Amino acid sequence: MGQSMGNFRKMSNSEVGVDPISKWRSVICLLVLFGVYVLNQANRQVLPVLIPAGVRCYYNGTNECDLHTNPTLVTPNKEMVFPYKAEIQNDGICDPEDCIEFTNAQQGVLTGPAVTIVYTVVGIPISRFADTRSRVIPLVFGLAVWIGMVCLTAFAETYWMLLLAQLIIGIGEATCNPAAFALIADYFKTTNRAKALSLYYFAVYLGGSLGYALGAVNVVLCWRWTFLIIAIAGGVMLFLVIAVLREPHSDETGVPYKSDSYYTVKETIQELVSCKPYVILCVAASIRNISGYALGAWLATFYAKHFDQSSQEYGLRIALIVLTGGGLSCVIGGFCADRFSVDRRAAKALIISISQFLAAPCIIATLLVPTTQASYGLLFVAYLTAETWLGPAAAIIQDLFSPNLRAQASAVYIALMTLLGGGLGPILVPGILELKPEWGECDKGVGYALAIIVPTCYFIAAVLFLVVGYLMKDVPVVLSDETIYLTYDTSEREGDTASEKSWYGSRRVSEDHTTDGHISEAL
């Protein structure tokens, strides 16, 4: 498009067709979305933490590796004993022998595929609804379902009830990120989007640390009360979502925005598949997520079995590491991505790649060092280097696609990386232990398995993120409603490309001008 040369202003939102959203309202909405995601992640993490701390039963007070190496430990009636009974410090709040029996393989399914299967199936159609009809309604529906299933988890009496609850929790989780990504993209300009998404993704670490901390207070509350507390907090967030979040408006009349020019399903698939950086990004994020799910599902078990620590000991330490190391890494990644992508579009992908290369040796050392203190120190360094990727990766997707494709592109991205990461990560550990039974489950068995899976995924993902950065330079930048409309005032200075860059972010403005005094934008 061409406009008169000189000083310029952004056109009014009524001209653009999008109702203005104040800075403070955008921040408040981001905080509400952040709160929902914190609870989402806390619930996802607290189950793997509580499994070795009381949810799962063992026979005769032994670990299953002891049963494997010495079957005589099992009495004929296979009496079940709660392994951390001595730690419980409550007066009748719950029964310390209230636990559920399941195997390593079942634990892997419960903490991985149980959620990801439903998440993948439900997420994409919900995202299409978010792109074409409403962003907020799917979020409200999903959060209500999520609250109900967390309550069911609290009252579960068998493994199959736990599994059912986790399956349906996947519906609630599937509605969260696609709608939230699209709302954040609606509320924030391109130049602030990676920071906003990184702050949103800080919930992964705050929620994860909260999950570990709730595992630590298991000695007082017991596991069923822990899930009930999470469900109550979910009810509070549901009220805030209904009270605060609003759809983006199509004009100053306040009519909620609905896309009149959305893609068909076939066109959507064609658009996504034809975008090479997006395809490689999905593969890279999926492989990177394998390591994240593997650590999330088995890190607590590693410290409980290898270092013989209680839930109170490992819960508080890991909670602090995840919150400080992971959270700081996430925020730094977002701010660096926005800062350096002003002049270099590939910067977001390059920052992710470098961080994964640095994190790989740190996590290997974490899992193999002989002392607890050294392991926790190295775990902090590993989180500090590894967790830069979530916000910049999500921002790349928002930059690649127009507003009426963002939620669907995000949903496919999230579904793929959740299906592969959540489906494979937690079950690869018991799979490796089955292949190497001499490692057992005490000593370093879980640590060895994680030391194989996690750094391998880091290295492969780092290479693929490099490829994404290389391909980004060949993809035209999509003009969205907040960047297309610039009006130039010929009475002021001419050709201020530096100001244009500050508005466009990573977008390029050509210096080739047309003969009638207009500027052509080659984005």
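Remember, it's a predicted structure, so these values are computed and weren't measured experimentally.
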Original post:
What is the distance from atom CD1 of Ile363 to atom OG1 of Thr385, rounded to the nearest 0.5 Å?
Top reply: 8.5 Å
Original post:
What residue pairs, at least two apart or across chains, pass salt bridge (charged side-chain N to carboxylate O under 4.0 Å, His left out) with a residue in residues 387-396?
Top reply: Arg288-Glu387
Original post:
Mind checking whether Tyr278 and Phe401 have parallel, tilted or perpendicular rings, split at 30° and 60°?
Top reply: perpendicular
**OP:** First locate atom CD1 of Ile427, then atom CG of Asn104, and finally report the distance between them rounded to the nearest 0.5 Å.
**Re:** 13.0 Å
**OP:** Anything under 30° is parallel, anything over 60° is perpendicular, the rest tilted; go ahead and classify Trp223 against Phe227.
**Re:** perpendicular
Original post:
Between Tyr187 and Arg25, is any pair of side-chain heavy atoms under 4.5 Å apart?
Top reply: no
Original post:
So does Phe129 have more than 12 non-hydrogen atoms from other groups sitting under 6.0 Å from CZ?
Top reply: yes
Original post:
With a 4.5 Å heavy-atom cut-off, do Cys29 and Val244 have their side chains touching?
Top reply: yes
Subject >> Non-hydrogen atoms of Arg224 and Ala156 that approach each other most closely >> reply: NH1-O, 2.6 Å
**OP:** Check step by step if side chain to side chain contact (heavy atoms under 4.5 Å, CB included) holds for Leu405 and Thr268.
**Re:** CA-CA 7 Å; Leu405 266 179; Thr268 298; 3.7 Å; yes
Subject >> Closest heavy-atom pair and its distance - Val36, Val241 >> reply: CG2-CG2, 3.6 Å
**OP:** Could you give me the CA-CA distance, side-chain angles and deciding distance for Leu152 and Ile169, then say whether side chain to side chain contact (heavy atoms under 4.5 Å, CB included) is met?
**Re:** CA-CA 10 Å; Leu152 179 60; Ile169 278 175; over 6 Å; no
Subject >> Arg135 side-chain N/O to Arg246 backbone N/O, donor-acceptor pair under 3.5 Å >> reply: no
Original post:
Are the side chains of Phe357 and Val463 in touch, meaning some heavy atoms are under 4.5 Å apart?
Top reply: yes
Original post:
Do Pro52 and Arg56 come close enough that some side-chain heavy atom pair is under 4.5 Å?
Top reply: no
Original post:
What pair of heavy atoms forms the shortest contact from Thr175 to Gly172, and how long is it?
Top reply: OG1-O, 2.8 Å
Original post:
With Ile51, which of Thr111, Thr301, Leu162 fulfils side-chain contact (heavy atoms from CB on, under 4.5 Å)?
Top reply: Thr111
**OP:** Apply the test side chain to side chain contact (heavy atoms under 4.5 Å, CB included) to residues Leu164 and Ile168: give CA-CA distance (whole Å), side-chain angles for both, the deciding distance (0.1 Å), then the verdict.
**Re:** CA-CA 6 Å; Leu164 176 64; Ile168 303 179; 3.9 Å; yes
Subject >> Residues that Ser198 engages under side-chain contact (heavy atoms from CB on, under 4.5 Å), provided they are two or more places apart >> reply: Cys330, Pro392
Original post:
Who passes side-chain hydrogen bond (donor to acceptor under 3.5 Å, both in side chains) against Asp338, sequence neighbours left out?
Top reply: Lys195
Subject >> Any residue meeting side-chain hydrogen bond (donor to acceptor under 3.5 Å, both in side chains) with Thr418, in chain and number order, not counting sequence neighbours >> reply: none
Original post:
What pair of heavy atoms forms the shortest contact from Lys348 to Ser341, and how long is it?
Top reply: CE-OG, 3.5 Å
Original post:
Donor-acceptor pair, Ser353 side chain versus Ala349 backbone, under 3.5 Å?
Top reply: no
Original post:
Taking atom OH of Tyr159 as the centre, does the number of heavy atoms from other residues, nucleotides or ligands within less than 6.0 Å exceed 12?
Top reply: yes
**OP:** I would like to know whether Ile318 and Val49 meet side chain to side chain contact (heavy atoms under 4.5 Å, CB included); could you show each step before the answer?
**Re:** CA-CA 10 Å; Ile318 299 177; Val49 172; over 6 Å; no
Original post:
Do Leu47 and Gln166 come within less than 4.5 Å of each other through their side chains, counting heavy atoms only?
Top reply: yes
**OP:** Find the distance between CG (Leu199) and CG (Leu31) and round it off to the nearest 0.5 Å.
**Re:** 9.0 Å
Subject >> Heavy-atom closest contact (Ala165 atom, Thr153 atom, distance) >> reply: CB-OG1, 3.3 Å
Subject >> Side-chain donor or acceptor of Ser291 paired with backbone N/O of Ile287 under 3.5 Å >> reply: no
Original post:
For residues 407-422, which residue pairs qualify under salt bridge (charged side-chain N to carboxylate O under 4.0 Å, His left out), counting only residues two or more places apart or in two chains?
Top reply: none
Subject >> Gap between atom CD of Gln41 and atom CG of Leu210 - 0.5 Å precision >> reply: 11.0 Å
Original post:
What's the shortest heavy-atom distance between Ala394 and Tyr413, and which atoms?
Top reply: N-OH, 4.4 Å
Original post:
To the nearest 0.5 Å, how far apart are OG1 in Thr226 and CG in Leu214?
Top reply: 6.0 Å
Subject >> Gln45 side-chain N/O to Gly296 backbone N/O, donor-acceptor pair under 3.5 Å >> reply: yes
**OP:** Measure the spacing between CZ of Phe465 and CH2 of Trp389 and express it to the nearest 0.5 Å.
**Re:** 6.0 Å
Subject >> Partner set under salt bridge (charged side-chain N to carboxylate O under 4.0 Å, His left out) for Arg44, not counting sequence neighbours >> reply: Glu173
Subject >> Parallel, tilted or perpendicular, as decided by the 30° and 60° cut-offs, for the rings of Tyr200 and Phe181 >> reply: perpendicular
**OP:** Check whether any side-chain heavy atom of Ile321 sits under 4.5 Å from a side-chain heavy atom of Tyr212, and report yes or no.
**Re:** no
Original post:
Tell me, do Ile171 and Phe141 make a side-chain contact under 4.5 Å, heavy atoms counted?
Top reply: yes
**OP:** Could you tell me whether the side chain of Ser329 and the main chain of Thr388 form a donor-acceptor pair under 3.5 Å?
**Re:** yes
Original post:
Side chains of Val429 and Leu450: closer than 4.5 Å at any heavy-atom pair?
Top reply: yes
